[in-house]
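Heads up, the thing below is written out as structure tokens.
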Amino acid sequence: MSHISRKPNIVFIMSDDHAAHAISAYGSHVNRTPHIDRIAKEGMRLDATYCTNAICSPSRASILTGTYSHVNKVPSIYAEFDYKLGTFPQVLQNHGYETALFGKWHLGHTYASTPRGFDDWKIFPGQGEYIDPDMISRSGKDVLSGYATDIVSDLGLRWLEERSESNKPFCMMLHHKAPHRPWIPDEKHKHLYPVGSIPEPSTLFDEYATRGRAAREARMTIVDDLEADDVKEVLPDHLAGDVNKHERTRWKYQRYMRDYLQCVQSVDDNVGRILDCLDQLNIAENTIVIYTSDQGFFLGDHGWYDKRFIYDESLQMPLLVRWPLEIPSGTTSREIVTNVDFASTFLDLCGIDGGTALPASQGRSFGPILRGQVPTDWPQSMYYRYWEHDDPVHHAWAHYGVRTKTHKLIYFYADGLDTEGAGNTTYPPEWELYDLVQDPQELNNVADDPQYAELREELETELKRLQEYYHDEPYSASPEGEGVSSHRGSRPN
Ligand code: CA
């Protein structure tokens, strides 16, 4: 039984923009992911895992540090990561873990922002490339030949085998760039999910009838904002113009999803390779395998691609955790957890108190939930804030909100911000409220429905309480548009 007292290993596999509803364990209508599903079958599927700021770099910073964006100073993709807070891999390294990171880092572009806390690392610069990607490490830059998702796993597999004689526990992080835009699949998957075969979501033609302006102003629509480069084909002439909007949406949706799902298939294959390797090395039993994505994604839902909004398709992160020694197999949880809770949880599972090791951490370990015990005072709501107001590509508006198990209140605080974030217009702020029990697709905004007045008041109080709890400043209009415009930039994401 000596292995029980031994610290567990961690294999953390994170993809980029992989929505839970493109995983069959989560009931996908559009694809099959047998290897990711295996983690669910042999461990726990968490059904209410939410990203606190649904975009790449901010989610990564929150995961590593256990803090909200206003604390870790990565509210947008234009910020550089500040290491002063410390990260959970650094803590593990300090506690005798061997640590490694391969794949997408996306937390800055200067030497000062290259990974720390890892014995070994190799990352894509910025977003990285799908085919024959550049990668950087301590020894400089290499060009690796092959397909990015395979390469990340190859690096991980080699590392696992090279250290297999070591007595130390390890933490290995594999950060896939897939299935991020521009969705370039591997040749060997190009026969899958052919055009015309992919079911459409029921909200593909959502016209935002009851929403505010934010939904209409966002430039994330399948119909008009996906470009020829995205769908890899020039739009036929007969699909242009206003009369053909539905046909155009369908045409682009099929091509977008074909490529997206083919990219996901590589991720799934590679999850299988890692699971097989753990079996072969005979270390699966005491290795915690985590599969997640930095946030969710709109798969034609509400007529969109991309993320950013607090709406569920983008807010929800897939989270599957397998640890045969401690987590009962085939279990699920509907408790609300967030990416801010990850660091404390992983440290806790390794027997380290996250509050002591990462004093700035705002998260709480959901270790007990993984073991099947829900603490009586577990939070019943979560706080969200999207900071990157009206970026030059997607034009999503800044907002914050609260999600409970049954409702969601959103505040788009555009007051005082113009489209350049310069702060010289006076759009009225907008509230949205969704009854997730009656309206799980969030189609019917009831913010001004008198029947929901009392509930709205309660949720506004809860939102204020959460902002105070996390020490986040509510937005207040100022002539400079301060606090938002400073996060703007020009690098597309
Ligand atoms: Ca992402």
Side-chain angles (χ1 to χ4, degrees), residues 7 9-16 56-57 59-65 72-74 77-178 180 270 273-274 277 281 287 290 294 342-343 346-347 350 357-358 491:
K7 298 256 188 198
N9 307 305
I10 292 182
V11 173
F12 177 84
I13 307 173
M14 179 163 69
S15 53
D16 193 343
C56 302
S57 315
S59 180
R60 286 148 204 275
S62 289
I63 287 169
L64 288 165
T65 62
N72 61 47
K73 305 287 187 264
V74 188
I77 60 163
Y78 309 116
E80 295 282 325
F81 189 50
D82 176 355
Y83 279 92
K84 285 198 279 294
L85 292 173
T87 66
F88 82 82
Q90 285 177 306
V91 173
L92 290 175
Q93 191 184 42
N94 291 337
H95 281 74
Y97 271 68
E98 290 180 357
T99 56
L101 162 77
F102 304 109
K104 178 170 169 177
W105 182 241
H106 204 207
L107 283 166
H109 300 263
T110 63
Y111 176 74
S113 59
T114 52
R116 297 184 201 178
F118 297 100
D119 301 325
D120 201 356
W121 57 266
K122 202 171 186 86
I123 59 171
F124 304 122
Q127 296 282 4
E129 298 293 331
Y130 274 102
I131 312 281
D132 300 339
D134 284 355
M135 293 193 85
I136 50 176
S137 64
R138 283 197 191 86
S139 54
K141 188 164 88 171
D142 295 315
V143 183
L144 281 80
S145 97
Y147 187 68
T149 308
D150 294 337
I151 289 170
V152 168
S153 301
D154 291 343
L155 292 167
L157 292 169
R158 191 179 316 150
W159 189 80
L160 285 176
E161 273 153 26
E162 279 172 5
R163 61 153 312 286
S164 61
E165 299 299 313
S166 167
N167 285 321
K168 288 179 163 187
F170 68 86
C171 171
M172 180 177 80
M173 303 180 79
L174 300 180
H175 292 190
H176 293 295
K177 81 164 258 90
H180 192 283
N270 278 289
R273 295 175 69 207
I274 300 295
C277 176
L281 295 173
T287 297
I290 297 133
D294 57 351
F342 283 19
F346 302 156
L347 292 175
C350 298
L358 293 173
R491 270 181 277 152

Query raised in the report: Of all residues at least two apart in sequence or in a different chain, which pass the salt bridge (charged side-chain N to carboxylate O under 4.0 Å, His left out) check with Asp142?
Result: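 In terms of salt bridge (charged side-chain N to carboxylate O under 4.0 Å, His left out), with neighbours along the sequence ignored, Asp142 is linked to Lys122.
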**Report entry** salt bridge (charged side-chain N to carboxylate O under 4.0 Å, His left out) involving Asp119 - partner list, sequence neighbours excluded
**Finding:**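 If we apply the salt bridge (charged side-chain N to carboxylate O under 4.0 Å, His left out) test to Asp119, skipping adjacent residues, there are no hits.
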Look up atom [atom1] in [X] and atom [atom2] in [Y], then write down how far apart they are to the nearest 0.5 Å.
X      : Y      : atom1 : atom2 : value
Trp159 : Trp121 : CH2   : CH2   : 15.5 Å
Cys277 : Leu160 : SG    : CG    : 5.0 Å
Lys73  : Phe81  : NZ    : CZ    : 12.5 Å
Asp154 : Asn270 : CG    : CG    : 7.5 Å
Leu85  : Leu358 : CG    : CG    : 8.5 Å

Query raised in the report: Would Met14 and Ile63 count as a side-chain contact (heavy atoms from CB on, under 4.5 Å) if you check the C-alpha gap in whole Å, the side-chain angles of each, and the deciding distance to 0.1 Å?
Result: CA-CA 11 Å; Met14 179 163 69; Ile63 287 169; 3.6 Å; yes
Using modelled atom types only, decide if a donor and an acceptor are shared between the side chain of [X] and the backbone of [Y] within a distance under 3.5 Å.
X     : Y      : result
Thr87 : Leu64  : no
Thr99 : Gly117 : yes
Tyr97 : Val91  : no
Ser62 : Ser59  : no

Query raised in the report: Checking side-chain contact (heavy atoms from CB on, under 4.5 Å) for the pair Ser166/Glu98: CA distance, chi angles, key distance, verdict?
Result: CA-CA 9 Å; Ser166 167; Glu98 290 180 357; 2.9 Å; yes
Without placing hydrogens or testing angles, list every side-chain donor-acceptor pair under 3.5 Å for residues 171-178, not counting sequence neighbours.
| residue | atom | partner | partner atom | Å |
| --- | --- | --- | --- | --- |
| His175 | ND1 | Lys104 | O | 3.0 |
| Lys177 | NZ | Gln127 | O | 3.1 |
| Lys177 | NZ | Gly128 | O | 3.3 |

Report task. Indicate the ring-plane relationship of Trp105 and Tyr83, choosing parallel, tilted or perpendicular according to the 30° and 60° boundaries. Result ->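 Correct class here is parallel.
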Query raised in the report: Relative to each other, are the rings of Phe88 and Phe346 parallel, tilted or perpendicular (30° and 60° limits)?
Result: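 Phe88 and Phe346: perpendicular rings.
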Requested in this report: Go through the steps for Leu92 and Phe170 under the test side-chain contact (heavy atoms from CB on, under 4.5 Å), then give the verdict.
Outcome: CA-CA 8 Å; Leu92 290 175; Phe170 68 86; over 6 Å; no
Requested in this report: Mind running side-chain contact (heavy atoms from CB on, under 4.5 Å) on Ile151 and Phe102 for me, showing each step along the way?
Outcome: CA-CA 9 Å; Ile151 289 170; Phe102 304 109; over 6 Å; no
Requested in this report: Sort out for me which residue in Leu107, Ile136, Asp134 forms a side-chain contact (heavy atoms from CB on, under 4.5 Å) with Ile123.
Outcome: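 Answer after filtering Leu107, Ile136, Asp134: Ile136.
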Query raised in the report: CD of Gln93: more than 12 outside heavy atoms within 6.0 angstrom?
Result: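 Enclosed: over 12 neighbouring heavy atoms sit under 6.0 Å from CD of Gln93.
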Query raised in the report: Does a side-chain heavy-atom distance below 4.5 Å link Arg60 with Asp16?
Result: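 Result yes, sub-4.5 Å side-chain heavy-atom pair found.
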Query raised in the report: How about Ile10 and Ile290: do any of their side-chain heavy atoms sit closer than 4.5 Å?
Result: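 Answer yes - side chains close enough.
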